Number of protein chains: 2
Amino acid sequence: MIDPALIEELKQIVDDGKVLTDVSSLEAYGKDWTKHFAPAPSAIVFPRTIEQVQAIVRWANEYQISLVPSGGRTGLSAAAVAANGEVVVSFDNMNKILSFNEFDRTAVCQAGVVTQQLQEFAEEQGLYYPVDFASAGSSQIGGNIGTNAGGIKVIRYGMTRNWVAGLKVVTGSGEILELNKDLIKNATGYDLRQLFIGAEGTLGFVVEATMRLDRAPKNLTAMVLGAPDFDSIMPVLHAFQSKLDLTAFEFFSDKALDKVLARGDVPAPFATECPFYALLEFEAVSEEVAEQALATFEHCVEQGWVLDGVMSQSEQQLENLWKLREYISETIAHWTPYKNDISVTVSQVPAFLKDIDQIVEQNYPDFEVVWFGHIGDGNLHLNILKPDAMEKDEFFAKCATVNQWVFETVEKYNGSISAEHGVGMTKRDYLHYSRSAAEIQLMQAVKAVFDPNGIMNPGKIFAPDAN
Amino acid sequence: MIDPALIEELKQIVDDGKVLTDVSSLEAYGKDWTKHFAPAPSAIVFPRTIEQVQAIVRWANEYQISLVPSGGRTGLSAAAVAANGEVVVSFDNMNKILSFNEFDRTAVCQAGVVTQQLQEFAEEQGLYYPVDFASAGSSQIGGNIGTNAGGIKVIRYGMTRNWVAGLKVVTGSGEILELNKDLIKNATGYDLRQLFIGAEGTLGFVVEATMRLDRAPKNLTAMVLGAPDFDSIMPVLHAFQSKLDLTAFEFFSDKALDKVLARGDVPAPFATECPFYALLEFEAVSEEVAEQALATFEHCVEQGWVLDGVMSQSEQQLENLWKLREYISETIAHWTPYKNDISVTVSQVPAFLKDIDQIVEQNYPDFEVVWFGHIGDGNLHLNILKPDAMEKDEFFAKCATVNQWVFETVEKYNGSISAEHGVGMTKRDYLHYSRSAAEIQLMQAVKAVFDPNGIMNPGKIFAPDAN
């Protein structure tokens, strides 16, 4: 742990009472939504200004103290976990939307602005912040940028990266950089902004971000379609995508749907039981667009790709259809599932999914595999449910083996071992399945440029000895 | 110049006859569309495969020979000029579209694929490659990526960056990297692909790129609107943007229009003479959308922001309206204009433009300033015409002073000294007006990571002594 005299020095940097070292704060601020690592930070510090963040980073450099950035702590890769006596820098007190420009359609956000806060702010301006996902009520913009958060609307709007007009960062050596200055076109050398997006706080801290807002979507309309097999989902996606600008294209299996319907609080989409379902969404901006969607649906039925389907006719029906997808994660939590967030190119999804199913079935026939995900962008959430009769320890030991197979299959398909949850600590040992040795070496050299003393979130993305 | 024995060695790397050293080849391949620097390369080499490119880079590292990448040579910043005995690596023989995937909507392109070739290929597939600009008939994908090319559809489709799903590059140290593997979601550490986009060949060579294609636009419709003053252009943009998804929003001044109309081959949009004009474009996907556009136009007239306007009713009319904008550059070439490509945030455009106008008018009242540009993304093309009576030398000497003022004003408005043409050699001495000293230092350190011997396009982006 850190010398108490140094903690006293840290207290001088920030406002009174803004360094916490009590056990419950250390416990609360030392972890994210992952549970594999015991939190063990030395202190939690709450800066209020960019200058305070800079002073903290300079202090840390002087005494070679490791810093961990902390946002909404909703991460799923332990990138914001402090397990080794680090000082946690929380952005909870930098949570204001500083300004809005209606002509640029941008909002300047401190790093601690909560995603939903920005979404609601956009709505108040008659605009829309389109990056949306389950933890939007707690996750912070700084954290979203750190993992380049994705979610359910990526097929239309892209990742968080697309919405960052400009960034203010404090680098690992304590420099304040204003990256890209909110410009749309700026061809003046390397776009360093892009490096900080998805860097999981290993290069420096994002302290302020200018986020772009979009036109509010009009008359969002969803369809749920049932398919006879997974292979049919692809031509369905293709057929709709060539006619409409989809705002979402999700999928889930019958096993996922059955469990959600068993809750009893959401109606079934239709009577026909199908092994796979697609949920798609679009803006029904005119009668013609809605008719186009129905004609495409009929075409899919004629081709045998779709067995049954339903289209929302009201806001309420739209919400109910979305619940079929959104409730899955929470519903299956009951079976303490093994989870993995992976991606391949869209066209490879069916073959990849079949391979994984086969591997699991051959080796662990008693395991129940539940698939769902953002198939329009190749992002699959693999969930394996613990058999009721099996002890947790045995289950997780077997899952460690499954993990290996999954990553080997990801590598075979040129996929990503982490589609949208980041690497953090949970996937750092598997990074080589997605990035070559040369790439990893170059990434580490880039880190050394921005963080020469290795104090920024060490042990994240790269294994600790590598820093 | 390079030892002839080394050139012999270079010849062994590539196919027979693929190293040229004759005067006319050196002259042709040693320059781009800029005319400030005399071409003086030592040799031109035409690799056919990635492995040949890698071998060239290794050869260059061994003998400390500088390499200059060469695409369509349409650049406007001298980033592809070889003025110091470098070896030019031309991608003319790597010009194939290697594959297409209809489900991923991607095309794998060798670096030398011409922009228009990709546009036409996309069209054949019923799809669309949306990055478009004047030199699309000659510019190559590798060069587009090197400068992160923009053009006329950025307001809707973004820059080239948005369309690069994956990149194969050969780094300055001769490593082949496969960056991002064409995935949509990939949260596995730093996105090195982004660094190579816009790097002007200073980190390595882009040798292959997987480009995304989009749904083909439907029933593109243009409006040309005349405004009483420049300040009115902003609320017009705002009004249309809140109702429609614009695919373009360009502007030009009466001076620009008058010169185009004087050619006699394009009809005037309407009789009313206005000091400023906006050209906007959208997909009239339904009657309702076209009606919305007309209603917005009427609203703008009522508010006094628009004096007159016209909407295209046919493909032919659409083309004619676009010619009013597209012919400007070629038309004013007659006056050997001083040109500058700069950007500020959209909301700052009116104030910025007024400042520049005032500076020029105060100092050089006989200079005619012609403005046009992609105002929907803050990108202005400033053109100053040479007075007929003034000698070229005198004009360009005075323009050097104007240049300084322009960049100072860009800095004051937090803008970019190069919106979409890159830095190359023409703007490297002005880089500090857009990037801080700390940023420039970090960029140079990043370059050293990928190009430790400084052989990749030295003297571009950064001044030569800095490499």
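Order of the sequence lines fixes the chain letters, A, B, ..., with proteins taken first and strands second; residue numbering starts at 1 for each chain. This is a predicted model, so every value here is computed, not measured.
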Salt bridge (Lys or Arg N to Asp or Glu O under 4.0 Å) assessment of R161(A) paired with D191(B): CA-CA 11 Å; R161(A) 184 182 302 282; D191(B) 190 347; 3.6 Å; yes
Side-chain touch R215(A)/D245(B), heavy atoms, less than 4.5 angstrom: yes
Pair D182(B)-T345(A), side-chain donor/acceptor within less than 3.5 Å: no
Side chain K185(B), main chain S418(A), donor-acceptor under 3.5 Å: no
Donor-acceptor pair, side chain of N186(A) and main chain of S416(B), under 3.5 angstrom: no
Crowding at CD, E287(B) (>12 non-hydrogen neighbours, <6.0 Å): no
Shortest non-hydrogen contact between N101(B) and S347(A), atoms and distance: ND2-OG, 3.0 Å
N/O donor-acceptor pair under 3.5 Å between R435(B) side chain and T188(A) backbone: yes
Shortest non-hydrogen contact from V423(A) toward G189(B): CG2-N, 3.9 Å
Over all atoms of both residues, closest heavy-atom pair of S286(A) and E288(B): CB-OE2, 3.0 Å
Most contacts with chain A, counted as non-hydrogen pairs under 4.5 angstrom, among T202(B), T171(B), D214(B): T202(B)
Check: R105(A) and Q241(B) side chains under 4.5 Å, non-hydrogen atoms: yes
Heavy-atom side-chain contact between L179(B) and E439(A) under 4.5 Å: yes
Proximity breakdown for H374(A) and chain B, heavy-atom pairs closer than 4.5 Å: side chain
Donor-acceptor contact present, side-chain K181(A) to main-chain S434(B), <3.5 Å: yes
Interface residue of largest heavy-atom contact number with chain A, from V346(B), L183(B), V449(B), under 4.5 Å: L183(B)
Heavy-atom proximity to chain B below 4.5 Å, by part of I461(A): side chain
Nearest-0.5 Å distance that lies between atom CD in E175(A) and atom CD in Q441(B): 7.0 Å
Residue pair L177(B) / A438(A): nearest heavy atoms and the distance that separates them: CD2-CB, 3.9 Å
CA sep, side-chain torsions, deciding dist, call: V349(B), F103(A), side-chain contact (heavy atoms from CB on, under 4.5 Å): CA-CA 10 Å; V349(B) 167; F103(A) 294 105; over 6 Å; no
